[in-house]
**Q** 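Just dropping this structure here.
Index from 1, following the sequence. FYI, side chains are in, hydrogens and waters are out, and symmetry mates aren't considered; it's all heavy atoms of this structure.
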Amino acid sequence: MLPGKKKTGRPRVIGPAELATLRRLVDEGVSITEAARTLKIGPSTAYVALAGR
């Protein structure tokens with residue numbers, strides 16, 4: 001980002017730590033919906049994060 005420019009747009013809901021936790025939970029056999037509920041994010045956010053977008 002250029003100096004003096006502010007970041008615009010909506011802040012990210014899920015960071016690298018939350019993504020790692022989400023992947024771990026899903027790998028352990030927890031459904032994506034339950035894992036999202038555990039992390040207090042929406043299921044659609046979890047699906048998008050796991051898809052890598």
Side-chain angles (χ1 to χ4, degrees):
M1 189 175 318
L2 295 173
K5 292 278 188 172
K6 287 192 172 193
K7 182 179 177 201
T8 59
R10 188 177 175 104
R12 294 197 180 268
V13 172
I14 185 168
E18 290 86 7
L19 181 58
T21 304
L22 178 64
R23 284 194 175 129
R24 183 180 51 80
L25 288 170
V26 171
D27 288 343
E28 290 175 356
V30 177
S31 71
I32 294 177
T33 304
E34 281 297 318
R37 202 172 286 150
T38 301
L39 293 171
K40 297 180 181 170
I41 61 172
S44 59
T45 303
Y47 278 104
V48 169
L50 290 173
R53 283 195 238 160

**Q** Can you tell me how far the CD1 atom of Ile14 sits from the CG atom of Leu50, to the nearest 0.5 Å?
**A**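 It is 7.5 Å, given to the nearest 0.5 Å.
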**Q** Using atom types as modelled and distance alone, determine if a side-chain donor or acceptor of Glu34 lies under 3.5 Å from a backbone N or O of Ser31.
**A**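 No, the answer is negative, given that no donor and acceptor are paired below the 3.5 Å cut-off.
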**Q** Out of curiosity, does Leu25 fall in the hydrophobic cluster containing Val48 (side-chain heavy atoms, cut-off under 4.5 Å, transitive links)?
**A**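 No, no single cluster joins them.
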**Q** Does some side-chain heavy atom of Glu18 sit less than 4.5 Å from a side-chain heavy atom of Ile41?
**A**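 Side chain of Ile41 against side chain of Glu18, heavy atoms only: no contact under 4.5 Å found.
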**Q** If hydrophobic clusters are built by linking Ile, Leu, Val, Met, Phe, Trp and Tyr wherever their side-chain heavy atoms come under 4.5 Å apart, do Tyr47 and Leu39 end up in the same one?
**A**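 The answer is yes; both residues are in one hydrophobic cluster.
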**Q** Working to the nearest 0.5 angstrom, can you tell me the gap between Thr45 OG1 and Lys40 NZ?
**A**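 NZ of Lys40 is found 15.5 Å from OG1 of Thr45.
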**Q** How many angstroms lie between atom OG1 of Thr38 and atom CG of Leu22, to the nearest 0.5 angstrom?
**A**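 Here the interatomic distance stands at 9.5 Å.
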**Q** For the backbone of Ala17 and the side chain of Thr21, can you confirm whether one donor and one acceptor N or O come within less than 3.5 Å of each other?
**A**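 Looks like yes, one N/O pair under 3.5 Å.
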**Q** Of the non-hydrogen atoms in Ala36 and Ala46, which two are nearest, and what is the gap between them?
**A**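 Minimum heavy-atom contact is CB-CB, 3.9 Å.
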**Q** Which atom pair, heavy atoms only, marks the closest approach of Ala35 to Val26?
**A**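 Looks like CB-CG2, 4.4 Å.
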